[in-house]
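This is a predicted model, so every value here is computed, not measured. Only heavy atoms go into these numbers, but all of them, side chains included; no hydrogens, no water, no symmetry mates.
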Amino acid sequence: MKPSHIEHIGIAVLNLEEAIKYYEKVLGLECYAIEEVKDQKVKTAFFKVGDTKIELLESTDPEGPIGKFIEKKGPGIHHLAFAMADVAQALTEAESNGVQLIDKQPRKGAEGLSIGFLHPKFTHGVLTEFCGE
Ligand code: ZN
């Protein structure tokens with residue numbers, strides 16, 4: 001199975017409000033949704049750029065995944081999400097190709113989408129997400 005497009009790029013930010021201003025004022029994009037994902041201890045903001053979205057991620061807890069990422073690497077690009085018609089199937093295929101999965105089964109992410117992550121050690125350093133309906 002191959003991705004149809006890049007669904008979104010996840011970007012870890014220190015301050016969601018400040019980052020939204022940058023994307024709106026400098027790039028002229030419009031924030032169309034702000035959503036807290038309690039599971040992931042993040043607040044997210046979304047912008048559309050063609051078929052691809054920008055997903056800004058602000059940590060709500062220093063112990064959460066984004067909090068830890070920023071502490072280690074600072075703010076910046078956090079993950080790349082590929083649109084997959086069938087996330088469960090795409091995860092199974094990646095695993096059968098020797099990629100370690102963070103999520104063995106799809107789970108619910110922002111916007112009610114089905115998501116699953118691959119381990120960056122097996123994807124040349126890029127935290128990779130599969131994302132679908
Ligand atoms: Zn994502």
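- Val87 and Ile6 fall within the same hydrophobic cluster, defined by Ile, Leu, Val, Met, Phe, Trp and Tyr side-chain heavy atoms under 4.5 Å apart, directly or through other members.
- At least one side-chain heavy atom of Val49 sits less than 4.5 Å from a side-chain heavy atom of Ile54.
- In this structure, Thr128 contributes its side chain and Val126 its backbone to a donor-acceptor pair below 3.5 Å.
- In this structure, Lys41 does not pair ionically with Glu63, as no charged nitrogen and carboxylate oxygen lie closer than 4.0 Å.
- Taking both residues in full, the closest heavy atoms of Ala94 and Phe130 are given as CB-CE1, 4.2 Å, listed atom of the first, atom of the second, then distance.
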_side-chain contact (heavy atoms from CB on, under 4.5 Å) between Lys121 and Gln100, worked out_ = CA-CA 8 Å; Lys121 268 190 192 145; Gln100 191 181 305; over 6 Å; no
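- For the atom pair SG (Cys131) and NZ (Lys53), the distance works out to 6.5 Å, reported to the nearest 0.5 Å.
- Once rounded to the nearest 0.5 Å, the distance linking NZ of Lys43 with CD of Glu36 reads 7.0 Å.
- Across every non-hydrogen atom of Ala45 and Cys31, the tightest pair is CB-SG, 4.0 Å.
- A donor-acceptor pair under 3.5 Å is absent between the side-chain atoms of Glu30 and the main chain of Glu24, judged by distance alone.
- Neither Leu113 nor Ile66 shares a network with the other; the hydrophobic side chains, linked directly or stepwise wherever heavy atoms of I, L, V, M, F, W or Y lie under 4.5 Å apart, form separate groups for each.
- Under the 3.5 Å distance criterion, the side-chain polar atoms of Thr44 are left unmatched by any main-chain donor or acceptor of Leu57.
- By the 30° and 60° cut-offs, the orientation of the rings of Tyr32 relative to Phe46 is tilted.
- Remark: side-chain polar atoms of Asp86 are paired, donor with acceptor, to backbone N or O of Ala88 under 3.5 angstrom.
- Heavy-atom contacts from other residues, nucleotides or ligands closer than 6.0 Å to CG of Leu27 number more than 12.
- Electrostatic pairing of Lys68 and Glu71 does not count as a salt bridge here, judged by no charged N lying under 4.0 Å from a carboxylate O.
- In the hydrophobic clustering of this structure, Phe122 does not group with Leu127; members are Ile, Leu, Val, Met, Phe, Trp, Tyr whose side-chain heavy atoms approach within less than 4.5 Å, directly or through other members.
- His5 places no side-chain N or O within 3.5 Å of a backbone atom of Glu7 that could act as its donor or acceptor partner.
- If you take CG on Leu16 and NZ on Lys21, they are separated by 11.5 Å, rounding to the nearest 0.5 Å.
- Counting only heavy atoms from C-beta outward, the side chains of Tyr22 and Ile20 never approach each other to under 4.5 Å.
- Side chains of Lys104 and Glu95 form a contact here, defined as non-hydrogen atoms less than 4.5 Å apart.
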*asked:* Determine whether His79 and Glu55 satisfy the following criterion, side-chain hydrogen bond (donor to acceptor under 3.5 Å, both in side chains), listing intermediate values before the conclusion.
replied: CA-CA 10 Å; His79 67 274; Glu55 174 186 35; 3.3 Å; yes
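- The shortest side-chain heavy-atom distance between Tyr23 and Ile11 falls under the 4.5 Å cut-off.
- Rounding to the nearest 0.5 Å gives a distance of 10.0 Å between CZ of Arg107 and OG of Ser114.
- Note: Met84 CE to Lys2 NZ = 10.5 Å, rounded to the nearest 0.5 Å.
- Interatomic distance, Gln40 CD to Thr60 OG1, rounded to the nearest 0.5 Å: 10.0 Å.
- For the pair Leu101 and Phe117, the minimum side-chain heavy-atom distance is 4.5 Å or more.
- By the rule that hydrophobic residues join a cluster once side-chain heavy atoms approach within less than 4.5 Å of another member, Ile115 and Val42 end up as members of separate clusters.
- The side chain to side chain contact (heavy atoms under 4.5 Å, CB included) test with Leu91 singles out one residue from Leu118, Ile102, Val99, and that residue is Leu118.
- No single ILVMFWY cluster, assembled from side-chain heavy atoms under 4.5 Å apart, contains both Val37 and Ile34.
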